[in-house]
Amino acid sequence: MQKIVVIGSSNTDLIAKIETFPKAGETIKGVSYFQAMGGKGANQALAAHRLGGEVKFVSSLGKDSNGLNAMEYYKKEGLDATLSLIVDETPSGVAMIWVDRKGENSIVIIAGANEKLSPEYIHQIEKEILKADLIVLQMEIPYETVKTVCDIAHENGKQVLLNVAPARKLDQGIIQKIDILVVNETEAETISGEIIEHIGEEGIVDKLLALGAKTVILTLGKQGCILKNDQLYLRVPAFSVKAVDTTAAGDTFCGALAAELSKGHNWNECLVFASAAAAICVTRMGAQPSVPTETEVRNFLEKKSTNY
Ligand code: RIB
């Protein structure tokens with residue numbers, strides 16, 4: 001089995017369930033509130049870990065109660081986060097999340113210590129990072145850090161999976177070092193500068209491939225996902241479920257994809273597995289509390305195949 005390193009954010013999510021999103025200047029009563037672990041990096045690392053991958057997680061946390069709780073929680077979950085940076089005088093990252101009755105969310109992040117995960121720190125732990133075969137990244141840590149990891153991985157022949165969330169423009173130099181680029185529609189449009197409505201889903205994927213990514217996966221929510229590289233074009237439908245909260249669906253998809261790839265499965269198997277994991281995730285509230293285990297996903301897939 002291949003080894004995975006996930007390098008990215010860790011947040012404490014403050015989650016409010018509401019009926020509908022408030023307008024500017026409006027005060028509304030929420031339905032319920034809870035706190036749980038989140039952050040796109042941590043969600044993807046935990047997903048890859050729960051779904052059977054051999055994972056190390058590198059993050060940056062403050063020396064505050066959120067940071068200490070996070071490290072305690074990862075330990076309890078069996079997720080190795082010991083390579084993480086613990087910083088003085090900067091609070092750990094937090095995210096304020098509203099989820100409406102349709103399961104749609106709106107998220108505000110205060111990055112805090114996540115911003116301190118510097119290229120210098122990456123160089124300090126470079127040897128450890130290079131023990132991995134697959135390196136998984138997102139965009140909630142400094143852009144220069146993502147670039148540094150891509151350079152190191154490329155120079156040393158390691159695979160990079162980059163999930164460009166939250167969306168931002170990328171230098172072509174980075175895109176050329178990406179083995180697996182995972183994007184949703186907004187992210188694909190931001191990177192390519194094209195509009196899906198104008199050039200179509202396959203058109204935008206082709207544009208990203210032309211920029212240098214080796215394999216592009218475009219996630220389309222309820223419409224499933226598309227994968228394209230120089231040998232394959234796949235379209236995998238999404239599983240139909242009743243969504244209560246879409247938070248971390250994309251993260252669960254990426255973590256599941258990494259885990260299944262690390263076990264040597266083919267692209268189609270990986271996408272079906274990742275879609276199933278994401279489908280289970282949206283049926284529950286919160287980011288990390290919603291990430292399923294490998295057994296849950298296998299049972300879900302077995303049930304679906306007997307129901308066809
Ligand atoms: O993708 C969902 C995540 O985005 C949340 O857990 C939140 O922390 C933000 O990083």
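The basis for the numbers below is simple: all heavy atoms, side chains too, and nothing from hydrogens, waters or symmetry mates. Start at 1 and go down the list; that is how both ligands and their atoms are numbered.
- Distance alone, capped at 3.5 Å, places no donor-acceptor pair between the Lys3 side chain and the Lys131 backbone.
- Counted by atom type alone, His123 and Glu120 present zero donor-acceptor pairs between their side chains at under 3.5 Å.
- The nearest protein atom to atom 4 (O) of ligand 1, hydrogens excluded, is given as Lys40 NZ, 3.1 Å; this is a heavy-atom distance.
- Distance from atom 3 (C) of ligand 1 to its nearest protein heavy atom, with residue and atom name: Asn43 ND2, 3.6 Å.
- Defined by atom type and a distance below 3.5 Å, a donor-acceptor pair is present between the side-chain atoms of Ser9 and Glu140.
- Using a 4.0 Å cut-off between charged side-chain N and carboxylate O, Arg284 and Asp245 make no salt bridge.
- Close contacts of ligand 1 with Gly38, meaning ligand atoms under 4.0 Å from a residue heavy atom, involve 6 (O), 8 (O).
- Shown in contact with Ala95 at under 4.0 Å from a heavy atom are these atoms of ligand 1, numbered in order with element: 7 (C), 8 (O).
- The nearest non-hydrogen atom to atom 9 (C) of ligand 1, considering only Gln138, Glu140, Gln288, comes from Glu140.
- If you number the atoms of ligand 1 from 1 as listed, the ones under 4.0 Å from a heavy atom of Ala287 come out as 6 (O).
- Not close to ligand 1: Ser9, with no non-hydrogen atom less than 4.0 angstrom away.
- Ligand 1 places these atoms under 4.0 Å from at least one heavy atom of Gly39: 5 (C), 6 (O), 7 (C), 8 (O), 10 (O).
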Using residues 16-33 as the side-chain source, report each donor-acceptor pair under 3.5 Å to any protein atom, sequence neighbours left out, with the distance given to one decimal.
{"unit_1": "Glu19", "atom_1": "OE1", "unit_2": "Arg101", "atom_2": "NH1", "d": "2.8"}
{"unit_1": "Glu26", "atom_1": "OE1", "unit_2": "Lys23", "atom_2": "N", "d": "2.7"}
{"unit_1": "Tyr33", "atom_1": "OH", "unit_2": "Gln35", "atom_2": "OE1", "d": "3.3"}

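- Inclusion of Ile107 in the set of residues having an N or O under 3.5 Å from an N or O of ligand 1 is not warranted.
- Atoms of ligand 1 found under 4.0 Å from any heavy atom of Asp251 (numbered from 1 in listed order, with element): 1 (O), 2 (C), 3 (C).
- Listed for the Thr90 side chain is no donor-acceptor partner under 3.5 Å among the backbone atoms of Val87.
- A donor and an acceptor atom, one from each side chain of Asp171 and Tyr143, are located under 3.5 Å apart.
- Some N or O of Asp13 is nearer than 3.5 Å to an N or O of ligand 1, by distance alone.
- Within the 3.5 Å criterion, the main-chain N or O of Asn114 finds no donor-acceptor partner in the side chain of Ser60.
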